[in-house]
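Single-structure report; data block below.
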Number of protein chains: 4
Amino acid sequence: MPLRTETREKIQSVAAEIFSKRGFHNTGLRAIAADARLSIGSIYHYFKSKDDILLAILRRELATWKEFVADLERRELPVSKQIEAIVVQQINRIGKERDRSAIFLLGRLEHSATLKTNLVEVYEEMARYLERLLRTGIERKEIRPCNSTVVAYAILGIIESISTRIFFHNDKITGILRHEAPAELTQSLSKWLAIDPLPVNGR
Amino acid sequence: MPLRTETREKIQSVAAEIFSKRGFHNTGLRAIAADARLSIGSIYHYFKSKDDILLAILRRELATWKEFVADLERRELPVSKQIEAIVVQQINRIGKERDRSAIFLLGRLEHSATLKTNLVEVYEEMARYLERLLRTGIERKEIRPCNSTVVAYAILGIIESISTRIFFHNDKITGILRHEAPAELTQSLSKWLAIDPLPVNGR
Amino acid sequence: MPLRTETREKIQSVAAEIFSKRGFHNTGLRAIAADARLSIGSIYHYFKSKDDILLAILRRELATWKEFVADLERRELPVSKQIEAIVVQQINRIGKERDRSAIFLLGRLEHSATLKTNLVEVYEEMARYLERLLRTGIERKEIRPCNSTVVAYAILGIIESISTRIFFHNDKITGILRHEAPAELTQSLSKWLAIDPLPVNGR
Amino acid sequence: MPLRTETREKIQSVAAEIFSKRGFHNTGLRAIAADARLSIGSIYHYFKSKDDILLAILRRELATWKEFVADLERRELPVSKQIEAIVVQQINRIGKERDRSAIFLLGRLEHSATLKTNLVEVYEEMARYLERLLRTGIERKEIRPCNSTVVAYAILGIIESISTRIFFHNDKITGILRHEAPAELTQSLSKWLAIDPLPVNGR
DNA sequence: TATGAATGAGACTTCATTCAT
DNA sequence: AATGAATGAAGTCTCATTCAT
């Protein structure tokens, strides 16, 4: 018999999947209840509102992200490797864990004013994290001096765009992105952020 | 007395602004009617449904984009300059023409299944265009060989991410992005896509 | 074709009748809509919520009451006659204008916290009015000195109790109350509030 | 370990308090369960429905009332003293025993059609009792001839109105009513019901 | 061309009640 | 005896759309 926790997680997973695929407003509680094999009423034992479900999903996603980046830091990888790892990991997760890779898909959902703050905060928190990472890399001269704010949002945009494309389609391009994006982006990022070679011999 | 066309455009502009800001589902026809100083009934003289308004907006946006890129081609700029122009122009439009810069904001709106196809097509059409452009650049040896599909989506993601951030907020970061993103991204793209220097003296 | 105002009044009257009879919480919008021969949705053109309907009813009732007492004052009746008139008129209205005699039936309805304030205020306003009237009577020596606060609430209670009994039943007692309460209460009030006769010749 | 009976009484007391304060429909079983420190399920061991709880409360209140009036009769007080005692005692109980003074507050609660009969019966039973008492007083020439039905409902209304005002508020007026109502009403009732002095000398 | 009252389907949510444990 | 997860009916409310004027 499912424990409280299991049912809650079930609802969250199911909702994450449907929200990601169809959007928040296009997903009725009927659909969530049906997929979770529960009555609509039951959902309200576990979440106090539909908004609350989305918030729980986002909190879980954010926690996962934080664990992941904390782990990267602990391993004391060079900054460029950390960024690479973040990009590659997010892209690889899409499709493998559809219900748990929603952070980039949900963050931009249409939202009530109440939710907006929370959703935006998740995205902003990731941006702040990347910014700090970039600045550290610049200080340590591991990457070239660049505008960390601009580059942070650019990197998030890349992840989001490619993740979304993979998530929502299943065609030839999906395959290309899934298989080739990690290598291409690794190379792109390395060129993008590489320290400029010293001019050997100024004119 | 406004002509049919003017009223139609008015509705479109008003709707583009509100859809962008609040989302498609969070925007009722009442709100559009109020902002356009029209009755709800009148809107149905110009558009056959709410979905239809969104479609019209997207078609207009796509046309604008096509004109813009056609112009770039006509001027026979080098590929890297064309890409640069596309990125910079989109970012500069945000905030200046809120009601006409919606393409990147609307493309990711939650949508009914019916609309989904159309919205995605716009995004895909832009991706296809960038892909072709990149391949041309590679052929002409103006940019380094890269996976044009991956890079195309990456560039769209960058534009989208930064545009969105500028559009929805008005804080210090907004300022940074607005003023510094064009230069930073120009530089980033140039490094990213630059032809690898010939190894001076192969081993 | 009914004007906006007529429909609004229709809803109000219908709702007043049902609320009075069955209570606020036991009355669904379905019932109001059905009795008003309208769709549920339509009701929301005229009232922004179910609470709002109740508020509108109370405001109308209070206005009626105020007109009535203002008229009494204008006619410069002695205080005891005014009180008598108030009591008798309220009792006579019950049954004649079921949809417009709701003030004493609605004031004590179960209510949301939001409504509570408004509902209570109506009742309190009537109490305050009676208090002032009693004090005036005492000053003018038209009625005996008494605690105007206590007596004001007592009079309201009498009206409420008898009105309610008439409203909700239709039996022998209803008839007795309807026909005999005015005379009995007139006499009762006169004894209750009469100036004590001077002891002619104290033993 | 609480005995069945103690738990049952606990539920009843808690429910009486909340029903009185917030109303029947505004009180969920969750609230009762929480206040009684019980699970919702448990409540259904002691009462077969929410309605049943209210009925039990009313039956208890009615029993208390009957005991009280039986005691008055046993003491063979004059009728006017009995009425006085009833009025004063009810008013004094409010605030002292919030959970057991509910009869006048509950009697007018909104109720399902099923409950209506029962609730009304309690009120009617009190009215019948007062009527009989008044008629006895008239027969015994202890009080003036009056319409016992009308006066019975009037007295109930007075008690109800003042009790309610005390129960739901806590302001200056609450204090006035609590402290001065017993004396004022005692005096009022005595004047109201006093035997008319014999005309000394006809004509 | 323009209006806005009217509609009805469907949204989210609450809650008394049941029942397996 | 006690629990609380699960249910499903009913509640209030929103909104795109229609249509008589």
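Naming convention: chains lettered A, B, ... in sequence-line order (proteins, then strands); numbering from 1 in each chain.
B:E9 pairs by the salt bridge (Lys or Arg N to Asp or Glu O under 4.0 Å) definition with nothing, not counting sequence neighbours. C:T27 pairs by the side chain to side chain donor-acceptor pair (under 3.5 Å) definition with nothing, not counting sequence neighbours. For C:H45, the side chain to side chain contact (heavy atoms under 4.5 Å, CB included) partners two or more places apart in sequence, or in a different chain, are B:R30. Remark: A:K21 pairs with A:E17 by the side chain to side chain donor-acceptor pair (under 3.5 Å) rule, at least two apart or across chains. C:A33 is linked by a side chain to side chain contact (heavy atoms under 4.5 Å, CB included) to C:I40, C:I43, counting only residues two or more places apart in sequence or in another chain. In this structure A:E125 satisfies the side chain to side chain donor-acceptor pair (under 3.5 Å) test together with A:K66, sequence neighbours excluded.
The side chain to side chain donor-acceptor pair (under 3.5 Å) pairs that include a residue from residues 47-58 of chain B are B:D51-B:S112, where partners are two or more places apart or lie in different chains.
Closest to the B:K50 side chain, of the nucleotides F:dA16, F:dA2, E:dT17, is F:dA16. If you check E:dA2, E:dG10, E:dA16 against the side chain of A:R30, the one that comes closest is E:dG10. Here the nucleotide nearest the side chain of B:L29, chosen from E:dA2, F:dT17, E:dA5, is F:dT17.
Taking atom CD1 on C:I11 and atom C1' on E:dA6, their separation rounds to 11 Å, with Å as the unit. Rounded to whole Å, the distance from CZ on B:R22 to P on F:dT14 is 14 Å. Residue B:Y46 contributes atom OH, which lies 18 Å from atom P of F:dT18 at whole-angstrom precision. Rounded to an integer number of Å, the gap from C:I53 CD1 to F:dC13 C1' is 12 Å.
Within a heavy-atom distance below 4.0 Å of DNA chain F, the residues of residues 36-44 of chain A found are A:L38, A:S39, A:G41, A:S42.
Of the inter-residue distances, the one linking D:Y123 atom OH with D:L62 atom CG reads 13.5 Å to the nearest 0.5 angstrom.
Looking at DNA chain F, the stems built from 3 or more consecutive Watson-Crick or G-U wobble pairs, each pair with its key distances under 3.5 Å, are E:2-21 with F:2-21.
Between C:T7 and E:dA6, a side-chain N or O to OP1/OP2 separation shorter than 4.0 Å is present.
Nearer the 5' end of DNA chain E, as judged by each residue's closest nucleotide, is the contact made by A:F24, out of D:D51 and A:F24.
At a cut-off of 3.5 angstrom, counting only N and O atoms as typed in the model, there is a donor on one side and an acceptor on the other between the side-chain of D:H45 and the base of F:dA2.
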